[in-house]
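Chain letters run A, B, ... following the sequence lines, proteins first and then strands; every chain starts at 1.
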Number of protein chains: 2
Amino acid sequence: MNEKNNAAPSCPVARGIESVGDAWSMLILRDAHAGVTRFEQFRKNLGIAPTMLTKRLAALTEANLLERRVYSERPTREEYVLTASGQDFLPVLMMIGAWAQRNCGEHLARYIDDATGQEIEPIGIDAVTGAKLGTRPIRMSQLPGETA
Amino acid sequence: MNEKNNAAPSCPVARGIESVGDAWSMLILRDAHAGVTRFEQFRKNLGIAPTMLTKRLAALTEANLLERRVYSERPTREEYVLTASGQDFLPVLMMIGAWAQRNCGEHLARYIDDATGQEIEPIGIDAVTGAKLGTRPIRMSQLPGETA
């Protein structure tokens, strides 16, 4: 997104999207969750231009989703690993994948629980009530803790 | 994303991101979930250039997340409403918002259950086992139904 959006500065969706940036950034995070750490691996997997990849990796590092780690001293070489915040983004990626599985009408790969061998079904719930997201009316509170 | 990414064509995350397109598209969907339907409302809320908005609305309509509905016959005027597939995207947006609430360290608005007045906590789980997403090892099955 080149332009600054007008959305309320307290909107968590806008803030989250601002951090993750764009479609390439989400695909980089997906690959990072699959174990990719090095520039050349990301570049080959995604078929992304090196200049684009450099920018996206810098933005994700700046936003604290990835961090640089030295894996060779001479010469100095760095790789990119997920931070705790980057690890925490996995459920979002799985929810996007599950949405596509339900709505994009194509033969897409499925998520399999590695221990049970069963297909899993990623859904979003409210951890407080257990209700599936989207089944109960919600509103936004501007002030954190207003009603908590 | 201008370039075509090299990701496996069966990857549901890549497919989902391809449908939603970009950050502007996700903000348009967020506003649509908040009840916005008309071009001018989207434009004002988001501060997006009209040409950009036209492109994004066309792409979201093409991807079957929004559909056009005539609300005035003379002159003919159309608005954009969420399809079932677009409605189904709400949990993804809430998960992005919840990620930002946990990780972006700022005072962001909270999601409140309108009936109980309690703050809700959006999380992703596997509906089959109830396990929180990211807490058990998963793998991808290339063939739908392979192990189901």
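The existence of a salt bridge linking A:Arg56 and A:Asp22 is confirmed by a sub-4.0 Å separation between a basic side-chain nitrogen and an acidic carboxylate oxygen. In summary, B:Arg102 and A:Asp88 engage in a salt bridge, as defined by a charged side-chain N under 4.0 Å from a carboxylate O.
When each of B:Thr83, B:Asn64, B:Thr116, B:Ile123 is checked for heavy-atom pairs under 4.5 Å with chain A, B:Ile123 comes out on top. When B:Ala115, B:Gly134, B:Ser85 are compared by the number of non-hydrogen pairs under 4.5 Å with chain A, B:Ser85 comes out ahead. Considering only heavy-atom pairs separated by less than 4.5 Å from chain B, the leading option among A:Gly124, A:Ala63, A:Pro91 is A:Pro91. Per-residue heavy-atom pair counts under 4.5 Å with chain B were compared for A:Met95, A:Arg136, A:Gln87, A:Glu121, and the maximum is reached by A:Glu121. Ranked by heavy-atom pairs under 4.5 Å with chain A, the first of B:Ile125, B:Thr129, B:Asp31 is B:Ile125.
Annotation: B:Glu73, atom CD; neighbour count of heavy atoms from other residues, nucleotides and ligands within 6.0 Å does not exceed 12.
Geometrically, B:Arg38 engages B:Tyr71 in a cation-pi contact defined by less than 6.0 Å to the ring centre and at most 45° from the axis.
Remark: side-chain polar atoms of A:His33 are not paired, donor with acceptor, to backbone N or O of A:Ile28 under 3.5 angstrom.
The parts of B:Leu93 that come within reach of chain A are both its backbone and its side chain, each placing non-hydrogen atoms under 4.5 angstrom from that chain.
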